[in-house]
Amino acid sequence: MTRPYNFSAGPAAIPDAVLIQAASEMLDWHGSGMGVMEMSHRGKEFMSIYEEAQADLRELLAIPANFKILFMQGGGIAENAIVPLNLSQEGVVDFVVTGSWSQKSYKEAAQFCKPHLAASAQASNFSNIPSPAKWQLSSDASYVHVCTNETIDGVEYHNLPDLKALGSQAPLVIDFSSHVASRSFDWSKIGVAFGGAQKNLGPAGLTLVVVREELLGKAMKHCPSAFNYKMVADNGSMYNTPPTYSIYMAGLVFKWLKAQSENGVTGVAAMELRNIAKAKLLYDYLDQSQLYENRVEKSFRSRMNIPFYLRDESRNDAFLAGAKARGLLQLKGHKSVGGMRASIYNAIPLEGVQALVSYLKDFEATQA
Ligand SMILES: *Cc1c(COP(=O)(O)O)cnc(C)c1O
């Protein structure tokens, strides 16, 4: 069966092979007589699923041994509160606002700490990332928050800032929800990375937090225990019942990722090559087109989320209806910015982007 290509920003497409395997194991996982949803989270069956998911993710993302991998709940939005509860000690936190998601983080943090706007790209309509050399970093910040891929605005950091080189001693916190596992990350520059699973790792319900060990144990007194990173780490992500089925599904995605290869490399390195090629194909078409435009400056464009606008917005509904008829789903842009958006996460193959470009071309030809 070939399914339509699904360009949803999240919850997003999951590889067919993963869904087929999950379906085949639904009633009886590996001869246990139980489906994964029905297992005790502390039983040996689920523990083996959990341990493998942890080990596979550590290998895939090349996470060093001095970082803990926490499987939590609440999504990126809950982390906007959980991070300051764990790290801010009610002090100053620097925020760099490059789009809707970092803006949300900045606003939420005011309930828990003293957020300081170190830089903002709002004046440019979130079409770029202010140069780190110009960030107004505080001397006493508990941490610096950035969103490394702005899912709504389509802006991505292609290099992480080196805070030490900028004169800051604060750890860097990154919201990498929408590009985790799409590329490699330099962990030497990171204190905490968090992201919901539903963009690139699997179904909603699981929140990934990767935290440097030395940052554990600094939570404020009123931080809920289930959200206290040290409590979660000390209990192997089982202080409370973890989202077991989402962990299992993400674990299947990790195995799928490990098996991908491209030009002699595997795993995330293979995905990165594919993602570069996919994004180039789409941006190249948009840039030469008379009908469509992407408004993000070239060096800050996201490989994962590509917003674009029809110059004649009265054609939007016709565009979306035609796309759906061609098996190209969920291309409508976020309601806050309008237009269109193609999210081309790991689960979208090059053929999916080729099908999209060929539709863009055909639709444009009918508009002449
Ligand atoms: C989707 C997303 C979130 C929010 O995730 P929830 O699971 O809805 O809380 C936060 N940050 C970024 C960058 C996202 O893409």
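Whatever order the structure lists them in is the order used to number ligands and atoms, beginning at 1. All values derive from a computational prediction rather than experimental measurement.
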Item to check | Residues that F67 engages under ring-ring contact (aromatic ring centres under 6.0 Å, His included), provided they are two or more places apart | outcome: W187
Top protein contact for [atom], by heavy-atom distance:
{"atom": "atom 10 (C) of ligand 1", "result": "W101 CE3, 3.4 Å"}
{"atom": "atom 1 (C) of ligand 1", "result": "K199 NZ, 1.5 Å"}
{"atom": "atom 7 (O) of ligand 1", "result": "Q198 NE2, 2.8 Å"}
{"atom": "atom 9 (O) of ligand 1", "result": "I77 N, 2.8 Å"}
{"atom": "atom 5 (O) of ligand 1", "result": "G76 N, 3.5 Å"}
{"atom": "atom 11 (N) of ligand 1", "result": "D175 OD2, 2.7 Å"}

Geometric N/O contact [X] with ligand 1, under 3.5 angstrom:
{"X": "A78", "result": "no"}
{"X": "T151", "result": "yes"}
{"X": "C147", "result": "no"}

Checklist entry - Going by the angle between their ring planes, with limits at 30° and 60°, are F319 and Y359 parallel, tilted or perpendicular? => result tilted
Next on the checklist: If we only consider heavy atoms of K104, is any one of them less than 4.0 Å away from an atom in ligand 1?
Outcome noted: no
Next on the checklist: Measuring from non-hydrogen atoms of G196 to any atom of ligand 1, is the shortest distance under 4.0 Å?
Outcome noted: no
Checklist entry - Between K104 and D175, is there a salt bridge with N-O shorter than 4.0 Å? => result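 Here D175 does not pair with K104 in a salt bridge, since their nearest N and O are not under 4.0 Å apart.
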Item to check | Proximity of Y248 and F46 rings by center, below 6.0 Å | outcome: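 No, the ring of Y248 stays outside the 6.0 Å limit from the ring of F46, centre to centre.
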Checklist entry - Is the centre of the H145 ring less than 6.0 Å from the centre of the F95 ring? => result yes
Checklist entry - What's the verdict on side-chain contact (heavy atoms from CB on, under 4.5 Å) for L360 and Y292, showing C-alpha distance, side-chain angles and the deciding distance? => result CA-CA 9 Å; L360 292 172; Y292 315 98; 3.6 Å; yes
Checklist entry - Which of the atoms of ligand 1 are close to N149, meaning less than 4.0 Å from one of its heavy atoms? => result 13 (C)
Next on the checklist: Looking at every non-hydrogen atom in both residues, tell me the closest pair between C113 and P84 and how far apart they are.
Outcome noted: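 Nearest heavy atoms, C113 then P84: SG-CB, 4.2 Å.
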Item to check | Any side-chain donor near an acceptor of the partner, T98 and E150, under 3.5 Å | outcome: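 A pair is found: one side chain offers a donor N or O, the other an acceptor, under 3.5 Å apart.
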